[in-house]
Amino acid sequence: MVSSPHVLLVDPNDTGRELLAERLKLQGFAIHECNDGAQGAILALEATPAAIIADLSMPSISGVQLCRLLRSEAGTSSVPVILRGLESRRNHFWAEQAGAFAYVVKGRMGELVRALRRALELRSLENDGFFVVDSTEALDVRDRIATHLDAALFESVIAAEVRQLGSSESFDRMFDLLSQFVSQVTTYRWMAVLRDEPRRLGLHANPLTQKRALTEALAAFGVSDDALAKALVEDDDAIVDMDGPPAVTAPIHFGAAKVGTLALASQSSSHPGDGVLVKTIARELGGALRMATLVEESRFMARIDPLTGLLNRRAFLEWGTREANRSARYDDPFCVLLLDVDHFKLINDRRGHAAGDAILCALSRVLASSVRSCDVVARWGGEEFVIAVPSTPRQGAVRLADRIREAVAEDDIFDSSQNRVQVTASFGVAQLEGGESLEHLVDRADRAMYAAKTAGRNRVFSMNDGSVVPFVPDPVVSPSLGHPSNGV
């Protein structure tokens, strides 16, 4: 005679549980009952049942927690658990996330029996293993229940904290906040995050070991230091320990796509849970990392001209206004160069707009390579460009404008068909005056540029004491003839 399958029924409602047990016995199941989730876990570990039916909501531990606990134990990891409760999408979701075999709404007896029979059929196809503890080990089982629930709570807290980093709005701020949080949870020599695209490394280390930590982090990620953008956080929250174990790494995913890697180098006496901690953080960090990247990209695109890659007019005005105010406060000279490509409409008409775009891109590279690191080049609009020159008086700015004018005229600029195009530009220069706004300064440079256009193009004019004057290169003495020469 075939014995009836051993089914454990866990339900805190005595009346409802007894009625359900009787109906299941009529269906040929051997039912063992209990009214407490923790006690149900102990019974399941003492004598592994063929299946478990449990209430979703129970006073000691919930059905979700019971399901997760049994999944974590070797002897019960394959035991199917059917959870019961009220009709709710959320209940179905939590049951699925906990690894339950099925979720059945209370009162649906036929659905419950069918689910139970399917579970037992699948169970019979597997090679059952047993993890048996006698009743004298009940206290140990309760300790394991408490440990598992503490771990689950700890993991949920970690996950919640990491998800909050999604509001950081930048990679650097996100990583700084992450280091502040993780250093409260565990002790480490260094922690690092490598974002894949755009590539950027965040590293938290002690100031005394920062250089060594950087070397170890690069080795852990398998990357070189060449041109790698970095966000370095240095403080005493990271410890000095020269004998720690190798770093633990975990990939960071956003959906199916890998977006980065997390690495943590523990101290010599590392915590046994650091590996799980790194995996938990990495699993939850993908959304925050992607969100910070998207915010950075949107801010970048709002400031950058998409064709030339230079700052756009709005970004230039924001930066230039601050710089002009600073220059006025400290009585530091500040100049603006405005230039316009000569006959640009004719180029567009004859060669096409693609050729015009190619020329603007080439011109932007010439401008960017012709100025100092403290100068700022931006696309003002159309074929006009603006250059801000801090800490430089008008005479120096005019000479710079003329050098750029020559560089533009002499540069090999090609259109979209790789045909060389002779390009020239007209320049206007103005120096900031007391009490003047940036907009008014640019307007005066624009008037000087218009004068350069009117005078024949491919030249530099500047505003001097309210008047527009052309730039005349200083005479150069010829070393062979001994007399002045224009030297243009």
Side-chain angles (χ1 to χ4, degrees), residues 170 172 229 299-305 307-341 360-409 411 425-452 459-474:
S170 73
D172 292 9
R299 289 181 172 176
F300 177 82
M301 293 306 297
R303 294 174 53 81
I304 300 299
D305 174 60
L307 176 64
T308 63
L310 300 175
L311 289 181
N312 59 24
R313 183 171 184 157
R314 175 183 175 183
F316 176 82
L317 288 173
E318 290 177 356
W319 174 88
T321 298
R322 293 193 300 271
E323 185 62 25
N325 291 337
R326 184 201 65 80
S327 298
R329 183 180 303 114
Y330 296 105
D331 196 24
D332 192 27
F334 179 79
C335 288
V336 163
L337 286 59
L338 197 66
L339 63 118
D340 182 271
V341 179
L360 292 179
C361 290
L363 179 60
S364 68
R365 291 191 291 271
V366 173
L367 299 180
S369 64
S370 301
V371 299
R372 306 167 300 178
S373 59
C374 63
D375 301 332
V376 173
V377 183
R379 186 180 181 188
W380 190 245
E383 65 272 22
E384 291 185 340
F385 296 82
V386 61
I387 304 174
V389 191
S391 303
T392 303
R394 183 184 65 87
Q395 296 87 340
V398 168
R399 285 193 290 270
L400 171 64
D402 195 60
R403 287 198 299 272
I404 297 176
R405 181 193 62 78
E406 289 184 345
V408 171
D411 193 73
S426 301
F427 290 72
V429 180
Q431 180 175 339
L432 185 69
E433 297 178 347
E436 185 178 33
S437 67
L438 178 65
E439 289 82 356
H440 191 262
L441 172 63
V442 175
D443 180 68
R444 290 196 299 117
D446 183 66
R447 280 186 278 154
M449 183 188 70
Y450 181 76
R459 58 197 68 206
V460 178
F461 272 62
S462 67
M463 297 291 294
N464 185 17
D465 295 329
S467 301
V468 178
V469 296
F471 169 66
V472 179
D474 296 329

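We count residues from 1, following the sequence as given. Please read all numbers here as calculations on a predicted model, not as lab measurements. Hydrogens, waters and symmetry mates play no part in the numbers below; they use all other heavy atoms, side chains included.
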Residues Asp402, Arg399; criterion salt bridge (charged side-chain N to carboxylate O under 4.0 Å, His left out); working and verdict: CA-CA 5 Å; Asp402 195 60; Arg399 285 193 290 270; over 6 Å; no
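- Between the CG atom of Leu317 and the CZ atom of Arg313 there is a distance of 6.5 Å, given to the nearest 0.5 Å.
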Evaluation steps, salt bridge (charged side-chain N to carboxylate O under 4.0 Å, His left out), between Arg322 and Glu318: CA-CA 7 Å; Arg322 293 193 300 271; Glu318 290 177 356; 5.2 Å; no
Salt bridge (charged side-chain N to carboxylate O under 4.0 Å, His left out) between Glu323 and Arg326, intermediate numbers included: CA-CA 5 Å; Glu323 185 62 25; Arg326 184 201 65 80; 2.7 Å; yes
Working for side-chain hydrogen bond (donor to acceptor under 3.5 Å, both in side chains), residues Ser462 and Arg394: CA-CA 8 Å; Ser462 67; Arg394 183 184 65 87; 2.8 Å; yes
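- Of all non-hydrogen atoms in Leu338 and Val442, the two that sit nearest each other are CD2-O, 4.3 Å.
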side-chain contact (heavy atoms from CB on, under 4.5 Å) evaluation trace for Leu339 with Trp380: CA-CA 9 Å; Leu339 63 118; Trp380 190 245; over 6 Å; no
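- The CD atom of Glu406 sits 11.0 Å away from the CD1 atom of Ile404 when rounded to the nearest 0.5 Å.
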Working for side-chain hydrogen bond (donor to acceptor under 3.5 Å, both in side chains), residues Ser426 and Asp340: CA-CA 5 Å; Ser426 301; Asp340 182 271; over 6 Å; no
Less than 3.5 Å apart, which donor and acceptor atoms pair up between the side chains of residues 463-470 and the rest of the protein, not counting sequence neighbours?
none

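- With rounding to the nearest 0.5 Å, the separation of CG in Leu400 from CG in Leu337 is 5.5 Å.
- Rounded to the nearest 0.5 Å, atoms CD (Glu436) and CG (Leu438) are 8.5 Å apart.
- Remark: side-chain polar atoms of Asn325 are paired, donor with acceptor, to backbone N or O of Thr321 under 3.5 angstrom.
- Taking CZ of Arg459 as the start and CZ of Phe427 as the end, the distance is 13.0 Å to the nearest 0.5 Å.
- Between Ala451 and Phe461, the closest heavy-atom pair is CB-CD2, 3.8 Å.
- In this pair, Phe334 and Trp319 present their aromatic rings tilted. The plane angle is within the 30 to 60° band.
- At least one donor-acceptor pair closer than 3.5 Å links the side chain of Asn312 to the backbone N or O of Ala302.
- Arg372 contributes atom CZ, which lies 3.5 Å from atom OG1 of Thr392 (distance to the nearest 0.5 angstrom).
- Ala407 approaches Ser370 most closely through the heavy-atom pair CB-OG, 4.4 Å.
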Check against side-chain contact (heavy atoms from CB on, under 4.5 Å), Leu367 and Thr308: CA-CA 11 Å; Leu367 299 180; Thr308 63; over 6 Å; no
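- Between the side chain of Arg444 and the backbone N or O of Gln431, at least one donor-acceptor pair lies under 3.5 Å.
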